[in-house]
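Right, one structure below, let's go through it.
Predicted model, so just to flag it, every value in this text is computed and none were measured.
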Amino acid sequence: MSDEDMTITVCYAHSAGQVWLSAVTLPCASTIEQAIAASGVYQACNISTADIADTGVFGLRKPRDYVLRQGDRVELYRQLSFDPMESRRRRAAHRKTGILKRKHLKKSKVAWQEYMETSPADHKKGSD
């Protein structure tokens, strides 16, 4: 690696628990597009350019012609498999009808404290 080279990491999550990473050495002033091509992600993950919805660097969206710096992590984003707004609407409708109960919601510290304060005697019986 010469003084005119830089190391970039290319990252692609092709499923919920599987992340593909590759460190690539490129000349200074290389772009995201050049890093993607040099990484071999298309062959390794069996994807095409159409499978990549967007790109970013350290979680911030950047165009493919963005010039990279030493140590950057290029991230390749897939299309969403669901509409987040539609999911929120469904959860709200379920809460309204009573289908979604408190036990189905994520526990927050405040909600747990409120729950424990409502009837502490009942909770202590179950822990004995």
Side-chain angles (χ1 to χ4, degrees):
M1 185 167 123
S2 71
D3 291 338
E4 298 170 7
D5 290 342
M6 61 182 174
T7 303
I8 303 298
T9 303
V10 179
C11 165
Y12 177 70
H14 44 95
S15 66
Q18 298 176 329
V19 177
W20 181 87
L21 291 169
S22 177
V24 181
T25 302
L26 299 167
C28 287
S30 293
T31 64
I32 288 178
E33 189 66 47
Q34 291 167 330
I36 293 170
S39 71
V41 66
Y42 295 126
Q43 298 82 13
C45 297
N46 197 23
I47 60 171
S48 68
T49 55
D51 295 322
I52 299 172
D54 210 350
T55 58
V57 175
F58 289 116
L60 300 174
R61 286 189 175 168
K62 301 290 181 186
R64 290 182 184 224
D65 61 352
Y66 176 79
V67 177
L68 298 167
R69 291 179 275 179
Q70 169 62 31
D72 279 350
R73 182 184 69 217
V74 174
E75 299 165 350
L76 309 177
Y77 306 125
R78 295 177 284 128
Q79 293 285 343
L80 291 177
S81 57
F82 62 92
D83 179 17
M85 284 302 291
E86 183 59 32
S87 294
R88 287 186 200 108
R89 284 187 200 105
R90 286 184 194 160
R91 283 194 306 270
H94 286 186
R95 280 190 203 107
K96 198 175 211 180
T97 60
I99 295 171
L100 189 61
K101 303 286 185 194
R102 182 182 192 120
K103 66 182 180 181
H104 298 107
L105 302 175
K106 291 182 180 178
K107 288 184 185 175
S108 71
K109 192 172 186 177
V110 174
W112 182 250
Q113 287 172 346
E114 288 173 0
Y115 173 73
M116 292 302 287
E117 290 170 1
T118 55
S119 58
D122 294 338
H123 303 298
K124 288 181 183 174
K125 285 182 205 173
S127 64
D128 290 338

For this session: Go through the steps to decide whether Val57 and Leu68 satisfy the test side-chain contact (heavy atoms from CB on, under 4.5 Å), and finish with yes or no.
Result: CA-CA 9 Å; Val57 175; Leu68 298 167; 3.9 Å; yes
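- To the nearest 0.5 Å, the span separating SG on Cys45 from CD1 on Ile52 amounts to 9.0 Å.
- Taking every heavy atom of both residues into account, Ser39 and Ser22 meet most closely at O-OG, 3.8 Å.
- Atom-to-atom distance recorded for Tyr66:OH and Ser30:OG is 13.0 Å, nearest 0.5 angstrom.
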For this session: Start with the C-alpha gap between Asp5 and Leu26, add the side-chain angles, then the distance that decides, and say whether side-chain contact (heavy atoms from CB on, under 4.5 Å) holds.
Result: CA-CA 5 Å; Asp5 290 342; Leu26 299 167; over 6 Å; no
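- Annotation for Ile8 and Gly71: closest pair CD1-N, 4.3 Å, computed over non-hydrogen atoms.
- Residues Leu76 and Trp20 have side chains not in contact (no heavy-atom distance under 4.5 Å, counting atoms from C-beta outward).
- You'll find the side chain of Ile32 reaches within 4.5 Å of the side chain of Lys62, heavy atoms only.
- When all heavy atoms of Val67 and Ala29 are compared, the pair lying nearest together is CG1-CA, 3.6 Å.
- Atom CE of Met6 sits about 7.5 Å away from atom CD of Gln70, to the nearest 0.5 Å.
- In this structure, Arg78 contributes its side chain and Ala13 its backbone to a donor-acceptor pair below 3.5 Å.
- Looking only at distances, a side-chain donor or acceptor of Glu75 sits under 3.5 Å from a matching main-chain atom of Gly59.
- The minimum heavy-atom distance between Thr7 and Ala23, with the atom names listed, is CG2-CB, 4.4 Å.
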For this session: Any chance you could lay out the side-chain contact (heavy atoms from CB on, under 4.5 Å) test for Thr55 and Ile36, step after step, and finish with the verdict?
Result: CA-CA 10 Å; Thr55 58; Ile36 293 170; 4.0 Å; yes
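- The distance from atom CD of Glu86 to atom CZ of Arg91, rounded to the nearest 0.5 Å, is 10.5 Å.
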For this session: Decide side-chain contact (heavy atoms from CB on, under 4.5 Å) for Tyr12 and Leu21; before the verdict, give the C-alpha distance in whole Å, the side-chain angles of both, and the deciding distance to 0.1 Å.
Result: CA-CA 7 Å; Tyr12 177 70; Leu21 291 169; over 6 Å; no
